[in-house]
There are 2 protein chains.
Amino acid sequence: MTGRASAQAALETRRSVLRAAAELASVEGLDSVTIGRLADRLGMSKAGVIGQFRSKEKLQLETVELVLEDVRARVWKPVCHLDAGLPRLLAVCASWVRYAADPGYSGGCLLTQVTYDYDGRTGAVHDRIAEGRARWREVLRRDIDTAVAAGDLPPGTDAAQVVYGLESLAAGITPARLLHGDDQTEDWALRGMHAILGAPSTG
Amino acid sequence: MTGRASAQAALETRRSVLRAAAELASVEGLDSVTIGRLADRLGMSKAGVIGQFRSKEKLQLETVELVLEDVRARVWKPVCHLDAGLPRLLAVCASWVRYAADPGYSGGCLLTQVTYDYDGRTGAVHDRIAEGRARWREVLRRDIDTAVAAGDLPPGTDAAQVVYGLESLAAGITPARLLHGDDQTEDWALRGMHAILGAPSTG
DNA sequence: GATTTAAGAGTACGATCGTTCGTACGTCAA
DNA sequence: TTGACGTACGAACGATCGTACTCTTAAATC
């Protein structure tokens, strides 16, 4: 059997490695995260870093898993208890843009970064990102359909088009912030989302 | 003096290197473009590849310059002769999304790729991208202001917000296409832009 | 036709990449 | 206390990175 204290210490190590990997990846991209640099940054040996995972790709995948969980916890979880349909959609948009504008990584929202980085590649990371995004789209689409059924959105609304607009506006926050220093990105994105959803934007 | 024929051959080499670099960068990102892989792909030696440029960063910068020129030629140039204001804005949107949906690189629009890749970094590539995007924003903003003055957009229109919406919708095309295989991204983006600009979307 | 010039090949350099090995140390069960 | 187990280390592997050099070769100028 695995010892308890050592297992907990190992878990602690995993988390610190993943946290460092996420921070680094947000700035320079997921494949600029090298074992050696992580080892240096953490004061560990390369073997100690990679030993927790079995390969670099596994480490990358776990990093993706970490950020997906982070988004789920900070964007979806605070609003999932609300009434399905437009109310929850508006709340999702608010927490979404808030997260994107202040994700806790110095290189901006890591999910956006990895999404645009791996969209054109093949492999496990691409597939995982595509799957995660597809699920998120599904969540949004369901609430859009509910809103249409409730009469909160016009009948005949193209849910896919609405989803596209929302995710594009959310993803635009990071480059606007980091390339131009825009500090109103959260407002811009949220107002755009409200326009799409037919909600009045309070000044 | 530089010979004419050899200089032309060298220029040919430059272009083929840059074209290969752009194609590779669109898929795997600008810093996955290594001298060795370019040399292999082009059937050249590493020295022959890098000899045209003085360092890898110079090659990266010239690749960025190439794609900026490409966008200018294929997005802006076809519509720049139109009347300033809303007419030209609508035409820009059309050629913009058309370009983003079919940029000629197998990894999607390279400008979008590099933008989201380097937004959080420091260095010459980041700075050049930021400068290019700032100029593009300026072009858009001017036509928006003209449209407002002409009464084609409501007075009090927030030009920065409109610009943000347009560039976000354009940038959303690539991941939607490549991650989910969406083939209606051009429509989605264009309709979203028309909604922002208050133009009716013809079905 | 001889001289000059530059493009590109070839080779090598030190650094770093991801990965694998043997080993030392600490923790648990027996 | 002993034995088994797992963590993390240090060292080393072959491969590849960007760059710097020499050398060949072909074109341009005289």
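No hydrogens, no waters, no symmetry mates; every other heavy atom, side chains included, goes into these values. Just so we're clear, the structure is a prediction, and the values are computed from it rather than from any experiment. Each chain gets a letter, A, B and so on, in the order the sequences are listed, and its residues count up from 1.
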To the nearest Å, give me how far apart CZ (Arg54(A)) and P (dC21(C)) are.
-> 12 Å

Would one find a side-chain N or O of Gln52(B) under 4.0 angstrom from OP1 or OP2 of dG8(C)?
-> yes

Any protein N or O atoms within reach of nucleotides 15-18 of chain C? Criterion: under 3.5 Å, listing atom names and distances.
{"residue": "dC17(C)", "atom": "OP1", "partner": "Thr34(A)", "partner atom": "OG1", "Å": "2.8"}
{"residue": "dG18(C)", "atom": "OP1", "partner": "Lys56(A)", "partner atom": "NZ", "Å": "2.8"}
{"residue": "dG18(C)", "atom": "OP2", "partner": "Ile35(A)", "partner atom": "N", "Å": "2.9"}
{"residue": "dG18(C)", "atom": "N7", "partner": "Lys46(A)", "partner atom": "NZ", "Å": "3.0"}
{"residue": "dG18(C)", "atom": "O6", "partner": "Lys46(A)", "partner atom": "NZ", "Å": "3.3"}

Is the distance from OP1 or OP2 of dT11(C) to the nearest side-chain N or O of Ser45(B) less than 4.0 Å?
-> no

Quick check: does any side chain N or O of Arg14(A) sit under 3.5 Å from a backbone N or O of Gln52(A), one acting as donor and the other as acceptor?
-> yes

Any chance CZ of Arg98(A) has more than 12 other-residue heavy atoms, nucleotides or ligands included, within less than 6.0 Å?
-> no

Rounded off to whole Å, could you give me the CZ-to-C1' distance for the Arg14(A) and dA8(D) pair?
-> 14 Å

To the nearest 0.5 Å, how far apart are OH in Tyr118(B) and CD1 in Ile129(B)?
-> 9.5 Å

Atom pair distance, as rounded to whole Å: CG in Leu11(A) and P in dA8(D) = 10 Å

Could you please name the option among dG8(C), dC9(D), dA20(D) that lies closest to any side-chain atom of Ala47(A)?
-> dC9(D)

Rounding to a whole Å, what distance do you find between Leu59(A):CG and dT19(C):C1'?
-> 13 Å

Determine the minimum heavy-atom distance between Gly172(B) and Ser168(A), stating which atoms define it.
-> CA-OG, 3.5 Å

Side chain His180(A), main chain Arg177(A), donor-acceptor under 3.5 Å | no

What is the distance, rounded to the nearest whole Å, between atom CZ of Phe53(B) and atom C1' of dA20(D)?
-> 18 Å

Atom CD of Gln113(A) and atom CG of Leu178(A): how far apart are they, to the nearest 0.5 Å?
-> 9.5 Å

Measure the distance from CG on Asp40(A) to P on dC9(D) and round it to the nearest whole Å.
-> 12 Å

